[in-house]
Amino acid sequence: MTSKNKWLSTPYVLWSVMFIIIPLGMIFYYGLTDKTGAFTLDNITAIATAEHAKALWLSLLLSLISTLICFLLAYPLAMILSNMKVNQHSFIILIFILPMWMNFLLRTLAWQTLLEKSGVINSVLNLLHLPNINIINTPYAIILGMVYNFLPFMVLPLYNVLSKIDENVLDASKDLGAGNVYTFVRIILPLSIPGIISGITMVFVPALTTFVISTLLGGSKILLIGNVIEQEFTQASNWHLGSGLSIVLMIFIILNMIASAVFDKDGEGATL
Amino acid sequence: MEKELIQLIDISKSFDGQMVLDDLNLNIHENEFVTLLGPSGCGKTTTLRILGGFTSPDSGRIIFDGTDITNIPPNRRQLNTVFQKYALFTHMTIAENIAFGLKIKKKSKSYIEDKIRYALKLVNLEDYGNRMPGSLSGGQQQRIAIARAIVNEPKVLLLDEPLGALDLKLRQEMQYELIRMKNELGITFVYVTHDQEEALTMSDTIVVMNQGYIQQIGSPESIYNEPENAFVADFIGDSNIIPATMIEDKLVNILGTRFACVDTGFGRNKPVDVVIRPEDVNLVAPDQGAIQGVVTHLIFKGVHYEMEVMAAGFEWLVHSTTLFPVGKEVGIQVDPFNIQIMNKPESEDEEAVAIDI
Amino acid sequence: MKSTAKNIYTALIFLFLYAPIATLMVLSFNASKTRSKWGGFTFKWYSSLFRNDEILEALGNTLLIAFVSALVATVIGTIACVAMNSMKRRSRTVLMGITNIPMLNAEIVTGISLMLLFISMGLRFGLGTILLSHITFNIPYVILSIMPRMKQLNPSTYEAALDLGASHTTAFFKVVFPDLLPGILSGFLMAFTMSLDDFIITHFTKGAGIDTLSTKIYTEVKKGIKPEMYALSTLIFVTVLILLLLVNMAPAKKFRDVSERRKS
């Protein structure tokens, strides 16, 4: 198409400057100033205080564990799904999108009902004479909530790359003498790296920064870094501190983005 | 002929209740260049995949070098395959691709390096070892796919329409390359294609297939000159296929005119089909021809003129280096040995396909 | 036996994903007001739902915001895709990079950054600020679902239309637009879904006096969720499920017919 179309990008360019770039700039402005408007690093270094460092550490720990669990659960599932008939492609994606049509706060809350002392899960465990689980209001419940909420975002990119692997390539590997394990390690796994990276990003970032899941499943005692930031804005009204902590949070997000850019040069991992 | 290397015995295969191969029997000899030729859906690729071990037959046996390999998985067969769309490992360099099979066989490093060098030389891509497959052209990728297969020293190389994705000129070059490689390596090639010209150029033996059945097996010459039925005649090259009646041995009635021919053993007054290649139809002055007609179309084809002649109610396709303008009255004359007599197809299938192609 | 293991594994994962949904559906018929006790079967929450003005208003807000923001995002996103297609590679990469920011950034950061912007602009928090925020995070979904189709587009068809005498505008709407339409539609649906399910960004940009379903649920968490909420989400879910099944059945069947005619 002609270059005359270029001016058509103006609305979107203006929009992104106004609502993406400038707002990010504002976070940096607030994060690097105090209430008088003077430059300071105090809001950044505040992350080192015991309370904040503990929240960040716990957030990193829980989100990394959740990401790992999501990966371990999703990879076999994505392999099974990608081996199914081609015509189910849209149906499979649908199955993972569908739960989003029930409000995610309610879905997460439902786990309270399921996990309660005399809840559904423990009743089933009693029936099978297995020990009960009492994880509600503990970090384990938060991990469960994270895995539950973000598992689809790990499955879909993995499913996407795995179902795109040419059947002939796998046949070629076997033709050249490779067994199933060798084919998996040398062919399937390396070819699925873009999906792995994109899946990790899509689980790790929201898990690291959530304040909802910890509020709903962790009781009020467990504070994640997301909770701290949220409170600074809604209760303490210390926007400068909240912005400073957000900058710290973004460092981890940017590290993650750099890692994915390094591994996924072609941008094939983009999904949904 | 050299000794038999592969025997396919009574192979049948169906997908979703649809018969793809029906009781197929085929022997392949050592050092032979065998081409499985046919339209898409004829079962040629399925046959190749059964040989490679990627598809298992519903019934029948595959004998390789005297042993039954029907239930042996592909990674333990002494065959290697060159896939239709190359199927290179895109995350590995060219050298790593070629080394793949050798590493599995735990060959020494120096052996592998020698082999990579040898294979790249064989396919004329000596300096490409460190490149990634994505940076190569289609023709180059195809050569790498061949190199990757042959370093494993298979007794048989299976090739599934390997030139299908290449343009005409490259395809012709690769045809000569393949013949050269085959002679250099001294191994058996089993080649699948739907391109009759490719088959005629390269093969020692052509197996013409249609709808899961073998229609004819023979040398390129015999397939072209003596097609056994209308399907083969129509699929290989242009031809005039005309319904006729065999009056007696060596005499056939074509469109009401008696022609001498050389075939015998069809019986008396038997309905048959005759095949006459367009280059075998001689156009002469009207009074010298056996049948008279009028030229209706004329196209210059470079080497020859292609004409259509309406004569005795049939549109004859004629190739000739002499020009006869449209509207000119001509006579048609055919030498007896250029008239190929075929039995009428017996199954409806054969007829259906003969018409629709 | 191997496939049995696979089936069991798949079934367990889907049980995990859908167990909370089933729980909520069961709770919507629970006569007891507390979540943890079964008090017998009832339809009463469904009837009281339609008399609960607060919930209905939140539902209305949610649907209005989802529809308007998805629509505006689709228009801006579609135009942006057309523009980006004729851009130089470099500027396109930059713009796509910016597009990716709301997708890759944490929602809480996007939320507070917009909140800070609206405060400094002196905007009154309410429906308007929510809409601006939702459009912002919806545009990337639209762009990312149209861009792949844009790349597959054959430029010759557009030129052919011009060659046959169509104006640039006619050529676009008659030739290019129909090819993009599936991408545009799925982008719209994606944006609609994302907006509907959003809580975090709405939480920071809504201000007092207005609620969507998400924010209403969040405020109710501490005092206890009203059972009408379960009834409403069950209704929404079942409606969507039926709609999607109807839409998906037709193309899925056609696809199957084609794939059955496999090649040799």
Side-chain angles (χ1 to χ4, degrees), chain A residues 1-3 5-6 8-9 11-13 15-16 19-20 22-24 26-27 30 73 76-77 80 86-87 90-91 94 97-107 109-114 116 119 148 151 201 205-206 209 211-212 216 226 229-230 233 239 242 246 249-250 253 257 270 272, chain C residues 6 9-10 13 16-21 23-24 27 35-36 76 79-80 82-87 95 98 101-102 104-109 112-117 120 132 136 144 155 158 190 193 197 199-200 204 213-214 217-218 221 225 229 233 236-237 240-241 244 248 252 255-256 259:
Chain A
M1 266 159 272
T2 57
S3 54
N5 288 332
K6 253 194 242 167
L8 284 173
S9 66
Y12 180 55
V13 170
W15 191 283
S16 11
F19 294 105
I20 298 177
I22 293 180
L24 278 180
M26 304 215 48
I27 290 199
Y30 275 91
L73 286 178
L77 182 71
I80 294 169
V86 188
N87 57 42
S90 60
F91 178 70
L94 187 68
I97 305 265
L98 193 58
M100 284 188 204
W101 285 80
M102 199 159 231
N103 191 283
F104 96 98
L105 296 165
L106 286 181
R107 277 185 287 132
L109 273 174
W111 279 106
Q112 280 191 5
T113 310
L114 288 167
E116 263 164 336
Y148 170 73
L151 183 64
T201 308
V205 172
T209 59
F211 65 92
V212 180
L216 297 182
I229 295 175
E230 195 255 350
F233 277 93
W239 302 342
S246 299
L249 203 52
M250 279 200 298
I253 297 169
M257 276 157 93
L272 291 172
Chain C
K6 284 179 184 173
Y9 184 77
T10 312
I13 297 270
F16 175 63
L17 286 178
Y18 280 85
I21 290 173
T23 309
L24 293 171
L27 285 175
R35 253 203 332 264
S36 48
I76 296 179
I79 295 172
V82 174
M84 273 195 264
N85 203 38
S86 44
M87 270 181 174
L95 203 54
I98 295 171
I101 291 177
L104 295 173
N105 204 348
E107 279 182 275
I108 183 172
V109 177
I112 59 178
S113 71
L114 286 166
M115 173 185 165
L116 290 174
L117 174 80
S120 65
L132 288 174
T136 304
L144 289 183
Y158 178 75
M190 202 61 159
T193 312
D197 203 43
F199 163 70
I200 297 174
F204 287 105
L213 286 176
S214 292
I217 293 166
Y218 193 71
V221 166
I225 305 276
M229 221 34 131
S233 51
I236 295 176
F237 185 80
V240 171
L241 183 67
L244 287 179
N248 260 58
F255 210 92
R256 205 174 311 131
S259 66

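Naming: A, B, ... by sequence-line order, numbering from 1 per chain.
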Practice task
Check each atom of Thr23(C) against the heavy atoms of chain A and say whether the ones under 4.5 Å are side chain, backbone, both or neither.
Solution key: side chain

Practice task
Measure Pro99(A) against the heavy atoms of chain C and call it side chain, backbone, both or neither at under 4.5 Å.
Solution key: both

Practice task
Give, as side chain, backbone, both or neither, the part of Leu77(A) having an atom under 4.5 angstrom from any heavy atom of chain C.
Solution key: both

Problem - side-chain contact (heavy atoms from CB on, under 4.5 Å) partner of Asn105(C), chosen from Leu24(A), Ile20(A), Val205(A), Leu249(A) - result: Leu24(A)

Fill in the blank from the handout: The interface call for Ile13(C) against chain A, heavy-atom contacts under 4.5 Å, is side chain

Handout entry: Part of Ile98(C) lying under 4.5 Å from any heavy atom of chain A
Key = both

Handout entry: Min side-chain heavy-atom separation Thr209(A)-Val109(C) under 4.5 Å
Key = no

Handout entry: Contacting moiety of Ile253(A), where chain C heavy atoms sit under 4.5 Å
Key = side chain

Handout entry: Within-4.5 Å side-chain heavy-atom neighbours: Met190(C) and Ile97(A)
Key = yes

Handout entry: Segment of Leu114(C) engaging chain A (4.5 angstrom heavy-atom cut-off)
Key = both

Handout entry: Parallel, tilted or perpendicular: rings of Tyr148(A) and Phe16(C) (30°, 60°)
Key = perpendicular

Exercise for the section: With the side chain counted from C-beta on, respond yes when Leu105(A) and Val221(C) share a heavy-atom pair under 4.5 Å apart, and no when they do not. Expected result: no

Handout entry: Residues, nucleotides or ligands: over 12 heavy atoms within 6.0 Å of Trp101(A) CH2
Key = yes

Practice task
Decide yes or no for Leu98(A) and Ile21(C): does some side-chain heavy atom of the first lie under 4.5 Å from some side-chain heavy atom of the second?
Solution key: no

Fill in the blank from the handout: d(Ile27(A) CD1, Ile112(C) CD1) to nearest 0.5 Å is 4.0 Å

Problem - Nearest-0.5 Å distance that lies between atom CE in Met84(C) and atom CG in Leu8(A) - result: 11.5 Å

Problem - Heavy-atom proximity to chain C below 4.5 Å, by part of Leu151(A) - result: side chain

Practice task
Taking the side chain as every heavy atom from C-beta outward, state whether Phe237(C) and Asn103(A) have any atom pair closer than 4.5 Å.
Solution key: no

Handout entry: Any Leu24(C) side-chain heavy atom under 4.5 Å of Arg107(A) side chain
Key = yes

Practice task
Mind telling me whether Phe211(A) and Phe204(C) have parallel, tilted or perpendicular rings, with 30° and 60° as the class edges?
Solution key: perpendicular

Handout entry: Spatial distance of atom CD1 (Ile229(A)) from atom CD1 (Ile108(C)) [nearest 0.5 Å]
Key = 5.0 Å

Exercise for the section: Decide side-chain contact (heavy atoms from CB on, under 4.5 Å) for Ile79(C) and Tyr12(A); before the verdict, give the C-alpha distance in whole Å, the side-chain angles of both, and the deciding distance to 0.1 Å. Expected result: CA-CA 8 Å; Ile79(C) 295 172; Tyr12(A) 180 55; over 6 Å; no

Practice task
Examine whether an atom of Ile80(A) lies under 4.5 Å from a heavy atom of chain C, and if so say whether it belongs to the side chain, the backbone or both; otherwise answer neither.
Solution key: side chain

Fill in the blank from the handout: The interface call for Leu132(C) against chain A, heavy-atom contacts under 4.5 Å, is both

Problem - Closest-packed option against chain A by number of heavy-atom pairs under 4.5 Å, given Ile217(C), Ile101(C), Thr10(C) - result: Ile217(C)

